[in-house]
Protein chains: 2
Amino acid sequence: MELTHRERDCLVFIGNDIKGGFPDRLIDLSKKLKVKPPTTIQLLDKLESKGLISRKGGMVILTDNGKKIYHDVTESHRIIEVMLYSYGIPKGECCEVASEIDYVFKHDLIERLSSNLGNPKLCPHGNPVNEEL
Amino acid sequence: MELTHRERDCLVFIGNDIKGGFPDRLIDLSKKLKVKPPTTIQLLDKLESKGLISRKGGMVILTDNGKKIYHDVTESHRIIEVMLYSYGIPKGECCEVASEIDYVFKHDLIERLSSNLGNPKLCPHGNPVNEEL
DNA sequence: AAATATATTAGTGTAATACTAACTCAAGGT
DNA sequence: ACCTTGAGTTAGTATTACACTAATATATTT
């Protein structure tokens with residue numbers, strides 16, 4: 001599944017917030033993405049057409065497929081963080097950089113990286129590499 | 001200096017070819033970029049407006065500024081290759097992935113990475129990290 | 001000079017990203 | 001009952017990156 005950068009951001013916010021127990025609302029997502037609601041709707045339309053989310057009354061949840069992609073992007077993000085951190089980049093910067101590039105990496109490459117990094121369970125911030133939703 | 005992905009590709013091809021002794025022609029660049037000449041011209045117009053190249057009779061050379069950016073992108077590319085290679089990714093894939101992301105990294109982060117990688121002089125292919133034009 | 005190759009210009013099209021303006025609809029307050 | 005507010009949505013516009021075709025200009029080569 002190919003994602004654009006902003007689709008990636010949007011999907012990640014949705015996944016992160018679902019961990020809090022409640023689905024995100026359009027308004028919340030818009031604030032997090034720092035865009036106006038119509039822009040968010042465009043993104044959600046795109047994610048919906050890709051079968052990654054479903055919507056009801058302004059609430060957004062991930063489909064099974066969306067959860068899988070969220071998992072993959074998150075794993076990618078955190079493995080990249082671990083790699084950068086291993087070469088002395090501060091946590092904050094690891095995260096910033098990882099957010100720019102995580103959605104580009106093919107999953108099988110991330111798996112090989114992970115294995116050669118010793119299959120880390122946590123990212124430098126202490127978040128699980130394998131996020132279960 | 002911010003580059004788009006394709007501007008990056010174009011600049012790198014120009015820099016690589018200048019090492020061969022002759023500046024690139026539009027046609028050569030178009031073939032390498034796998035686009036039609038008008039698309040290349042657009043890219044060259046953009047690079048020229050950013051002060052990175054100058055043109056004459058269809059030939060393209062890098063300005064001093066262009067050489068600097070070429071150097072930085074190349075260094076970035078090769079440091080990323082070294083990092084990925086250190087975690088067991090095959091050379092070819094290191095290069096592929098690095099090409100997708102090298103132009104995004106800030107130079108000072110690359111310098112810190114380089115230092116923590118032991119200031120490598122060569123990339124996994126044996127090309128110099130610090131390319132003098 | 002004619003043919004060929006190369007360079008360029010003008011115009012078009014798509015995708016990603018973002019916006020404003022206007023409309024709908026539901027919930028609350030008075 | 002009416003009005004306001006907040007949220008969601010639709011429609012339309014704009015910009016940037018990227019790519020194309022068609023047509024024109026220029027240069028080289030035979």
Side-chain angles (χ1 to χ4, degrees), chain A residues 1-14 17-18 20 22-62 66 69 73 96 99-105, chain B residues 1-14 17-18 20-63 66 69 73 96 99-105:
Chain A
M1 174 69 57
E2 301 272 311
L3 294 178
T4 68
H5 197 163
R6 294 301 262 164
E7 283 167 11
R8 173 263 178 220
D9 290 343
C10 195
L11 191 82
V12 167
F13 282 134
I14 296 167
D17 288 328
I18 279 173
F22 288 103
D24 244 333
R25 311 294 305 274
L26 181 67
I27 269 281
D28 308 318
L29 277 173
S30 302
K31 277 172 189 151
K32 283 174 187 152
L33 289 163
K34 298 197 207 312
V35 294
K36 305 288 180 212
T39 303
T40 309
I41 291 205
Q42 276 183 340
L43 280 173
L44 293 178
D45 286 346
K46 214 72 204 309
L47 289 173
E48 197 167 28
S49 79
K50 291 182 176 184
L52 303 179
I53 61 168
S54 68
R55 288 193 274 176
K56 189 172 186 182
M59 292 174 294
V60 189
I61 56 172
L62 298 181
I69 304 299
V73 171
E96 264 179 54
S99 301
E100 296 295 317
I101 61 178
D102 53 19
Y103 68 105
V104 169
F105 281 63
Chain B
M1 172 68 58
E2 301 273 309
L3 294 177
T4 67
H5 197 163
R6 293 303 261 165
E7 284 167 10
R8 175 263 179 220
D9 289 342
C10 195
L11 191 81
V12 167
F13 281 134
I14 296 167
D17 288 328
I18 279 173
F22 288 104
D24 243 332
R25 311 292 305 277
L26 181 67
I27 267 283
D28 307 318
L29 278 173
S30 303
K31 277 172 191 152
K32 282 172 188 152
L33 289 164
K34 297 197 207 311
V35 296
K36 304 291 180 210
T39 303
T40 310
I41 292 206
Q42 276 183 342
L43 280 173
L44 293 177
D45 287 346
K46 216 71 204 309
L47 289 173
E48 195 167 27
S49 79
K50 291 182 175 184
L52 303 180
I53 61 168
S54 68
R55 289 192 274 174
K56 189 173 185 181
M59 292 173 294
V60 190
I61 56 174
L62 298 181
T63 61
I69 304 299
V73 172
E96 265 179 55
S99 301
E100 296 295 317
I101 62 178
D102 53 19
Y103 69 105
V104 169
F105 280 64

To the nearest Å, give me how far apart [atom1] ([X]) and [atom2] ([N]) are.
X     : N      : atom1 : atom2 : value
A:L29 : C:dA18 : CG    : P     : 13 Å
A:H5  : D:dT16 : NE2   : C1'   : 16 Å
B:E48 : C:dA7  : CD    : P     : 15 Å
A:K36 : C:dA16 : NZ    : C1'   : 19 Å
A:E7  : C:dA16 : CD    : P     : 6 Å
A:L47 : C:dA16 : CG    : P     : 11 Å
A:L33 : C:dA16 : CG    : P     : 16 Å
B:Q42 : D:dT21 : CD    : P     : 13 Å

Using only atom types and a distance under 3.5 Å, with no angle test, would you say the side chain of [X] pairs donor to acceptor with the backbone of [Y]?
X     : Y     : answer
A:D28 : A:R25 : yes
B:T63 : B:G51 : yes
B:E7  : B:T4  : yes
B:R55 : B:E48 : no

Quiz prompt | C:dA15 phosphate, OP1 or OP2, under 4.0 Å from A:T4 side-chain N/O | solution =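 Indeed not, no polar side-chain atom of A:T4 lies that close.
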
Quiz item: Going from SG on A:C10 to CD on A:Q42, what distance comes out if it is rounded to the nearest 0.5 angstrom?
Solution: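 Output value for this atom pair is 11.5 Å.
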
Quiz item: If you measure from CG on A:D24 to CD1 on A:I61, what distance do you get to the nearest 0.5 Å?
Solution: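 Atom-to-atom, A:D24:CG and A:I61:CD1 are 12.5 Å apart.
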
Quiz prompt | Derivation and outcome, side chain to side chain contact (heavy atoms under 4.5 Å, CB included), residues A:V35 and A:L43 | solution = CA-CA 11 Å; A:V35 294; A:L43 280 173; 5.6 Å; no

Quiz item: Between D:dA17, D:dT21, C:dA18, which nucleotide has the shortest distance from any of its atoms to the side chain of B:K46?
Solution: D:dA17

Quiz item: Looking for any heavy atom pair under 4.0 Å, which part of the strands does B:T39 touch: base, sugar-phosphate only, or nothing?
Solution: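 Base contact.
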
Could you list, one pair per line, each protein nitrogen or oxygen that sits under 3.5 Å from a nitrogen or oxygen of nucleotides 5-10 of chain D, together with the distance?
unit_1, atom_1, unit_2, atom_2, d
D:dG8, OP1, A:R25, NE, 3.2
D:dG8, OP1, A:R25, NH2, 3.2
D:dG8, OP1, A:L26, N, 3.4
D:dG8, OP2, A:I27, N, 2.9

